[in-house]
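The residues of the chain are indexed from 1 along the displayed sequence. Ligands are counted one by one from 1 in listed order, and the atoms in each one are counted from 1 as well.
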Amino acid sequence: MATLFKDVLILDGSRTKAQRVHMLVSKGRIAEILDVNKTPPGADKIISGHGKMAVLPGFVNAHTHAAMILLRGLGEEAPLMEWLQNKIWPVEEKLTPDYIYWGTLSAMLEMLETGTTCFADMYFEMDRVADAALGAGMRAALCRGITAGAPGKIERSLHENLDLAEKYHGREGLITIQLGPHAPYTVPLESMKNISQAAKTQGLGVHFHFLETKGELDNLGMSPEKYLEESGLLEVPYLNLAHAVWLDPKINLESENITLIHNPCSNLKLGSGIMPLASWLERDFPVALGTDGASSNNRLDMWEEMRTTALLHKGVNQDPVCVPAVDALRMATYEGARVFGFTQKGMIREGWCADLVLVNLDKPHYIGVNEENLAAYIVYAGSSGDIAGTMINGKWLYKNGEYPTLDKDEILQKACEARTAITQ
Ligand code: NI
């Protein structure tokens, strides 16, 4: 089935200005982009934009724990370690595979409504998360969160993670799998070496929390540089470091296999600090954006992360040109897709995957918008409330309040039941 976006503005992280075009989507791909003055091709479905709709690449949430929507609101306004140890970990003990499945689906409703087409998830019972994503047709980069605990727990979790890769990596072009050691404070260095070795042997990336808090840096026992080297993480095919709030941009590291994942709202809410993003960008270091779990954000709204990123670093650096709007858009879209192994996604180009967000510009806060200033309007004036549709692989997964591939009522009911069960 072909869909024609007739007379829309297209914008992505590689364009400083938008283009007014007709765009044809066919067989899951962007088949044709034509100047608006040309005659548009025929299609089964036509979205008439009248120059008042924009199409952006779908957002990629590069770090989250989707099923943690079930834990939203627990232990508010507490420091990271106190929050994890007293409020989160005891409740997580009660999560069953079914609860995680329904929690993930409920998170997917939120993500699709706010324009996310792909999410990078670290949690457990990840085969159920993969089934949830595949069932809906949503893209996901998944890893089994690996933490120490009872004897043999790390080895069992690594085994599960490797099984997950064997079963799901590359499935339907929707899923990639990484290894997911949780953090330096939950995985001993010797185990990290084994995990890095497994990643190298299997050709898998690693998704890892690194230096979220000052305390974590103080307790690392060695320099971050030495830790990354000793643990073998510098040699894995790709390494995605979530947070990196306390990683010094002056560190002597090559960026060839490393991407940082900035989670500004979660870091602000937990009082962890602010990543020195401007210095990383000056180094041309790749940075993607994520929300982190809904229990520390508390939203799963990538538009908000994009806006916060663009505002926060201007303020911190007293520099109004720091993190231009279009750079924030690129970090929220293309960078996340690229670093989790998804190719030809995150930009609006002929031949690339049709993972798209349709934005309604026919609203008061878009008065004055044009091709030149659309990026700034989107990032500073807009919000995810402007989203009219979210498309993945050329199929609508969210359109005008409806979810064509998901049963919203059933998901909400099951997620409510899970929440009640784990908090009783
Ligand atoms: Ni996290």
Side-chain angles (χ1 to χ4, degrees), residues 59-76 78-89 91-92 95 100 103-104 107 110-111 116 118-126 129 140-148 157 161 177-187 192 195 205-217 233 239-247 258-275 287-302 304-305 308-309 331-332 336 339-340:
F59 295 117
V60 179
N61 187 345
H63 178 71
T64 191
H65 315 279
M68 287 186 86
I69 62 102
L70 297 173
L71 285 74
R72 181 184 268 133
L74 300 182
E76 293 292 7
L80 177 68
M81 286 305 153
E82 189 185 315
W83 172 74
L84 282 174
Q85 286 165 2
N86 300 332
K87 300 294 179 184
I88 298 301
W89 289 341
V91 178
E92 281 185 336
L95 288 170
I100 287 174
T104 301
E110 285 183 58
M111 290 194 275
T116 291
C118 177
F119 64 106
D121 201 56
M122 177 193 289
Y123 217 48
F124 43 100
E125 309 296 350
M126 295 306 287
V129 176
L142 308 176
C143 64
R144 203 284 184 213
I146 301 171
T147 56
S157 300
N161 204 152
I177 304 292
Q178 292 73 40
L179 297 185
H182 174 262
Y185 59 89
T186 46
V187 181
M192 275 308 308
I195 294 168
V206 170
H207 184 176
F208 185 47
H209 292 99
F210 195 55
L211 304 185
E212 180 172 357
T213 62
K214 173 80 163 46
E216 206 185 307
L217 174 64
L233 285 169
L239 174 62
N240 298 337
L241 298 176
H243 303 297
V245 174
W246 293 92
L247 189 62
I258 304 179
T259 297
L260 306 180
I261 301 163
H262 186 28
N263 300 269
C265 293
S266 172
N267 296 153
L268 286 171
K269 180 161 180 284
L270 288 172
S272 300
I274 297 171
M275 175 210 255
V287 180
L289 299 184
T291 59
D292 209 358
S295 50
S296 66
N297 184 303
N298 295 1
R299 298 180 181 171
L300 299 177
D301 182 342
M302 284 297 295
E304 172 147 312
E305 301 299 324
T308 303
T309 300
M331 283 187 258
V339 304
F340 281 98

The Ni ion (ligand 1): protein N, O or S atoms [distance under 2.8 Å]: His63 NE2, His65 NE2, His209 NE2, Asp292 OD1
With Glu304 via salt bridge (charged side-chain N to carboxylate O under 4.0 Å, His left out) - residues at least two apart: Arg299
His65 and His63 aromatic ring geometry - parallel, tilted or perpendicular at 30°/60° bounds: perpendicular
Closest non-hydrogen atom pair between Lys87 and Gly75, with its separation: CG-CA, 3.4 Å
Contacts of Phe340 that satisfy ring pair (Phe, Tyr, Trp, His ring centres under 6.0 Å) - sequence neighbours left out: His207
With sequence neighbours excluded, residues passing ring pair (Phe, Tyr, Trp, His ring centres under 6.0 Å) with Tyr185: His182
Polar side-chain atom of Asn267 near backbone of Glu212 as donor-acceptor pair, under 3.5 Å: no
